[in-house]
Amino acid sequence: MSPAGGFSIDQLMELAGLSCAEAVYRSYPPHAGYRRVLVACGPGNQGGDGLVAARHLKHFGYTPVIWYPKRKDAPLFHGLVQQLQNLNIEFSEVDQLPGTLLQDSQVVLDAIFGFSFHGEPREPFRSALEHLVQAQRNPSTKVPVVSVDIPSSWNVDAGPQESELAKSFMPDVLISLTAPKSGARFFSGAKHWLGGRFVDSGLDAKYDLRLPSYPATSQVVDITGARPIE
């Protein structure tokens, strides 16, 4: 996002959201019965990634439903919401995540909190994450959860160590953006994707990222089992 990089925040958000949508498609394709996706969006840039992903998911053949209780009052986010409304994508109108909305979904995209999150989740997001944990523990209500960049409530460096809620929350799929964060070493779900295909070789070398090559035109690469760079 510096002048040397040449990217604007909306460009990076678009690339991140597209990566997230492709990761959902590669993990839980709509033709396999995963058509209805609940996209849970927080108030920051992580939520923006979710809004972008929802637009692409709609074009990929899904039926996304947006839970976005704390909307950010900024032109970029107003535009993302308008784009979704133009596609007649459903927005939940309630602050608290209803259990019926979760039960009616085949996949959940967790775009609530990102790498800047610290401390305890506040309402209504704490209750939403508690609902997800409870649903995952019950085989009859379990729904796959895909987390964006770092699972919500986790510390970006220390992982799920700050609260009992964080320790209980383990998504099925993680999409690391740009590069895996240190906290991702605690991820033990089924699939780990890397997305955000924009890093040039100079930036990779400067920070010793050692990023893998992306296959062909894909916006994600499978890094399941790989250790993040410390």
Side-chain angles (χ1 to χ4, degrees), residues 8-95 97-114 125 128 131-132 135 143-149 152 171-177 191 193-198 214 216-221:
S8 62
I9 187 171
D10 50 339
Q11 284 182 298
L12 296 179
M13 195 172 288
E14 185 67 26
L15 289 169
L18 177 58
S19 297
C20 293
E22 183 178 340
V24 171
Y25 188 91
R26 298 274 295 275
S27 304
Y28 303 104
H31 58 262
Y34 299 100
R35 189 168 298 276
R36 187 174 171 88
V37 181
L38 171 60
V39 183
C41 298
N45 289 346
Q46 190 92 334
D49 295 341
L51 296 174
V52 173
R55 170 164 38 84
H56 289 291
L57 289 171
K58 175 71 173 183
H59 292 307
F60 290 175
Y62 291 89
T63 303
V65 179
I66 315 298
W67 183 69
Y68 187 30
K70 302 291 184 182
R71 300 190 182 190
K72 189 168 183 177
D73 186 12
L76 171 58
F77 289 80
H78 296 167
L80 295 177
V81 169
Q82 185 62 56
Q83 292 164 13
L84 298 177
Q85 292 173 337
N86 292 345
L87 291 170
N88 296 315
I89 293 176
E90 178 184 348
F91 279 78
S92 172
E93 298 300 327
V94 296
D95 285 346
L97 179 65
T100 53
L101 186 59
L102 186 58
Q103 293 167 11
D104 291 341
S105 302
Q106 280 93 43
V107 182
V108 175
L109 182 62
D110 160 34
I112 297 176
F113 298 125
F125 303 110
H131 282 314
L132 286 177
V143 57
V145 176
V146 180
S147 285
V148 176
D149 207 24
S152 291
D172 301 271
V173 175
L174 178 63
I175 312 162
S176 290
L177 297 174
K191 185 68 73 173
W193 299 99
L194 175 67
R197 187 177 184 174
F198 70 92
Y214 285 80
T217 60
S218 180
Q219 298 300 306
V220 294
V221 57

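Between the side chain of W67 and the backbone N or O of E93 there is no donor-acceptor pair closer than 3.5 Å. Between the side chain of D49 and the backbone N or O of A111, no donor-acceptor pair lies under 3.5 Å. Counting only distance, with no hydrogens or angles, the side chain of E22 and the backbone of S218 share no donor-acceptor pair below 3.5 Å. At least one donor-acceptor pair closer than 3.5 Å links the side chain of Q46 to the backbone N or O of F113.
The side-chain contact (heavy atoms from CB on, under 4.5 Å) with S19 is formed by just one residue from the set R197, Q219, H56; it is Q219.
For the pair T63 and E90, the minimum side-chain heavy-atom distance is 4.5 Å or more. Looking only at side-chain heavy atoms (C-beta outward), V52 and L18 stay at 4.5 Å or farther from each other. A 4.5 Å side-chain heavy-atom check between F125 and P69 finds at least one atom pair inside the cut-off. Taking the side chain as every heavy atom from C-beta outward, V24 and F60 never approach each other to under 4.5 Å. Side-chain contact between Y34 and S27 is absent, with no heavy atoms from C-beta onward closer than 4.5 Å. Considering only heavy atoms from C-beta on, Y68 stays 4.5 Å or farther from V39 through its side chain. Side-chain contact between Q83 and K58 is absent, with no heavy atoms from C-beta onward closer than 4.5 Å.
Considering every non-hydrogen atom in both G47 and C41, the closest pair reads O-SG, 3.6 Å. When all heavy atoms of V143 and V107 are compared, the closest pair comes out as CG2-N, 3.6 Å. The minimum heavy-atom distance between A21 and A53, with the atom names listed, is CB-O, 3.8 Å. Closest approach of G196 to L177, counting heavy atoms only: N-CD2, 4.3 Å. Taking both residues in full, the closest heavy atoms of R35 and Q106 are given as N-OE1, 3.5 Å, listed atom of the first, atom of the second, then distance. Nearest heavy atom pair, residue F77 against residue G44, reads CE2-O, 3.5 Å.
Note: F91 CZ to I66 CD1 = 5.0 Å, rounded to the nearest 0.5 Å. The NZ atom of K191 sits 12.5 Å away from atom CD1 of I175, with the distance rounded to the nearest 0.5 Å. Distance NE2/H59 to CZ/R55: 6.5 Å, rounded to 0.5 Å. Separating the CG atom in L97 from the CG atom in L38 is a distance of 6.0 Å, to the nearest 0.5 Å. Distance check: L109 CG to Y62 OH gives 10.5 Å after rounding to the nearest 0.5 Å. Taking CE of M13 as the reference point, atom CG of L51 lies at 8.5 Å (rounded to 0.5 Å).
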